[in-house]
Amino acid sequence: MPAGFAGRVVRWQRTHGRNTLPWQNTRDPYRVWLSEIMLQQTQVAAVLGYYERFLARFPDVQALAAAPLDDVLALWSGLGYYSRARNLHRCAQDVVEKHGGAFPRTAEVLATLPGIGPSTAAAISSFCFGERAAILDGNVKRVLTRVLAYGDDLALGANERRLWDHARELLPRRELQENMPRYTQGIMDLGATICLPRNPSCLLCPVQEDCAATKQGRPEGFPVKTKKLKRSAESLWLLHARADDGSVWLQKRPTPGVWAGLYCLPVFASRDALDAALPSGANVREVEPFVHVLTHKDLHLHPVQVEVAAGWRGREGQWFGAGEWPQVGLPSPVRKFLERS
DNA sequence: TAGGCGTGGCT
DNA sequence: TAGCCAAGCCT
């Protein structure tokens, strides 16, 4: 690797990178941490609104730590991967109770907190405290495997660990450590805007001269990962019990599992199981089933509507009034279904 | 270590 | 269309 790779990334970021996102131009670890958690496996456009609402409601880590988990999940509703919200809440409480209200300043210690893994820890410490710590997210894996023509299968832990080693070797030299925030941002920006999975814009790339994959004429051949997720399908029956005042009966989803901790229409594994939970003589209204796609499975959702008397109660759960249920944490498909019902 | 965990955009 | 992908982490 020619010397100066990091410098080219930093110089490029200054003029061509992303520099006006809401969580940039601050070294407040609370704001940076919140953004990094929200951005895990989630695109910038999806995060923007959530980030602003979260900050308005929870302006600092103390406010977040003191809030009920249900309030956090309600604000997270629709963003997905809800264990992030539960860990976010636990992390805030750990920062307040175990770290005196201040975020740790090194990636090593940050990574001991819930929801903060090695890459997120390095992002926070490099952005906020200028630590020479390497990130390795999807963007950076793509950039580095191409620059190095690193063709070893990242499905193997040993190969991924070696890529971590490379990531650390390519960091700015210690004399240029003040560039760490911009280097971290820059290598992510490269992956997000230039070094794309398909049709990368190599002619615009500031490190094209360093890129072994481009020299081989096959940047899209990297990274190599054989691991392909096995998809499945599952059918769920949803009991939509409502009263004439617009109230809806909801249950809290169990942890662990899909939508853990959110409120949801009662879920049954079969139509028979749902029928058994209905009040005798209930007037049932069939609803068109619909498919909701998760990463690892297709959910075939079968809502069954029934109007019940005000005194009815399900086996577990509680009533939420017409003005209440829209404000609780609901899975996206359930929220959309209720909104159009 | 392999699988679980959401949602939406893109091709 | 049916996958692939996104500022990954946890168990």
Side-chain angles (χ1 to χ4, degrees), chain A residues 17-18 21-24 31-51 73 76-88 90-91 110-124 126-127 133-143 153-161 164 167 181 184-193 195-200 220 223 225-234 253-262 264 291-299 301 329-336:
Chain A
R18 298 171 293 186
L21 293 169
W23 42 85
Q24 295 184 302
R31 292 178 176 238
V32 171
W33 163 69
L34 177 61
S35 74
E36 289 299 329
I37 302 300
M38 287 187 167
L39 287 162
Q40 287 170 1
Q41 300 287 282
T42 308
Q43 295 184 338
V44 168
V47 166
L48 292 171
Y50 285 87
Y51 181 76
L73 286 167
W76 202 274
S77 177
L79 195 56
Y81 282 146
Y82 298 98
S83 66
R84 293 184 295 173
R86 299 193 305 275
N87 285 331
L88 188 85
R90 286 177 47 211
C91 182
L110 282 164
T112 67
L113 292 166
I116 301 183
S119 194
T120 299
I124 297 169
S126 64
F127 281 140
I135 63 169
L136 193 63
D137 58 26
N139 288 318
V140 178
K141 284 177 183 172
R142 196 163 52 248
V143 172
D153 186 0
L154 294 183
L156 296 179
N159 293 336
E160 177 153 337
R161 280 190 289 280
W164 272 104
T184 299
Q185 187 63 51
I187 197 155
M188 283 194 293
D189 290 347
L190 260 186
T193 66
C195 195
L196 304 174
R198 280 167 293 185
N199 295 318
E220 296 183 48
K225 44 186 168 188
T226 60
K227 185 167 46 182
K228 48 196 169 220
L229 81 152
K230 280 170 285 188
R231 291 184 48 73
S232 60
E234 184 177 2
R253 293 282 303 165
T255 305
V258 172
W259 304 324
L262 298 189
C264 188
V291 178
H292 180 73
V293 179
L294 307 180
T295 301
H296 55 298
K297 68 172 62 171
D298 291 343
L299 295 180
L301 301 176
L330 296 168
S332 266
V334 173
R335 182 178 301 282
K336 286 171 187 161

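Letters go in sequence order (proteins before strands), and every chain restarts at 1.
Considering only side-chain N and O atoms, A:Q41 lies under 4.0 angstrom from the phosphate OP1 or OP2 of C:dG8. Put simply, A:T120 has a side-chain N or O that comes within less than 4.0 Å of OP1 or OP2 on C:dC9. In this structure, A:Y82 reaches the B:dT7 phosphate: one of its side-chain N or O atoms is under 4.0 Å from OP1 or OP2. Taking side-chain N and O atoms only, A:W76 has no distance below 4.0 Å to OP1 or OP2 of B:dG6. Distances shorter than 4.0 Å separate some side-chain N or O of A:H296 from OP1 or OP2 on B:dC5. The side chain of A:K336 contributes an N or O atom lying less than 4.0 Å from OP1 or OP2 of B:dG8.
Across all strands shown, C:dA2 pairs with B:dT11; the Watson-Crick or G-U wobble distances both stay below 3.5 Å. Judged by Watson-Crick or G-U wobble contacts below 3.5 Å, the nucleotide B:dG3 has C:dC10 as its partner.
A donor atom on one side chain and an acceptor atom on the other are not found under 3.5 Å apart for A:S119 and A:D137. Between the side chains of A:N87 and A:R90, at least one donor N or O lies within less than 3.5 Å of an accepting N or O. Side chains of A:T42 and A:R84: a donor-acceptor N/O pair is present below 3.5 angstrom, by distance only.
If you check every strand for non-hydrogen atoms under 4.0 Å, A:I187 touches nothing. Residue A:G78 is in sugar-phosphate contact alone, with no base atom involved, counting any heavy-atom pair closer than 4.0 Å across all strands shown. If you check every strand for non-hydrogen atoms under 4.0 Å, A:V47 touches nothing. Contact annotation for A:W23: base contact, defined as any heavy-atom pair under 4.0 Å involving a base atom. At a threshold of 4.0 angstrom between heavy atoms, the contacts of A:R335 with the nucleic acid are absent. If you check every strand for non-hydrogen atoms under 4.0 Å, A:T295 touches a base.
Using a 4.5 Å heavy-atom threshold, the side chains of A:L34 and A:Y51 count as touching.
Regarding A:L299, its CG atom lies at a distance of 13 Å from the P atom of B:dG4, rounded to whole Å. What separates NZ of A:K297 from P of B:dG6 is a distance of 11 Å, to the nearest Å. As a whole-Å value, the separation of A:N87 CG from B:dC5 P is 15 Å. At whole-Å resolution of the value, NZ in A:K225 and P in C:dC4 are 10 Å apart. Rounded to whole Å, atom C1' of C:dC9 lies 15 Å from atom CG of A:L39. For the pair A:M38 CE and C:dA6 P, the interatomic distance rounds to 21 Å; values are reported in whole Å. Computed from coordinates, the A:R84 CZ to B:dG4 C1' distance equals 14 Å when rounded to whole Å. Between A:Q43 atom CD and B:dG8 atom C1' there is a gap of 7 Å when expressed in whole angstrom units.
In this structure, the nucleotide among B:dT1, B:dG6, C:dG8 sitting nearest to the side chain of A:R161 is B:dT1. Closest to the side chain of A:P118, out of C:dC9, C:dA6, B:dT7, is C:dC9. Closest to the side chain of A:V258, out of B:dG6, B:dT7, B:dG3, is B:dG6. With distances taken from any side-chain atom of A:S119 to the nucleotides C:dG8, B:dG6, C:dC10, the minimum falls on C:dG8. The side chain of A:Y81 sits closest to B:dG6 out of B:dT7, C:dA6, B:dG6.
With respect to A:K225 and A:D153, no salt bridge is recorded, no charged nitrogen being found less than 4.0 Å from a carboxylate O.
Comparing A:V44 and A:I116 along DNA chain C, the residue whose closest nucleotide (by nearest heavy atom) sits nearer the 5' end is A:V44. The 5' end of DNA chain B is approached more closely, in terms of each residue's nearest nucleotide, by A:K230 than by the other of A:R198 and A:K230. Where A:G157 and A:P256 each meet DNA chain B at their nearest nucleotide, the meeting point lying more 5' is that of A:G157.
The closest donor-acceptor contact from the side chain of A:W76 to the backbone of A:G80 lies under 3.5 Å. When atom types are taken as modelled, the side chain of A:S126 and the backbone of A:A122 share a donor-acceptor pair closer than 3.5 angstrom.
A donor N or O paired with an acceptor N or O is found under 3.5 Å between the base of B:dG6 and the side-chain atoms of A:T42.
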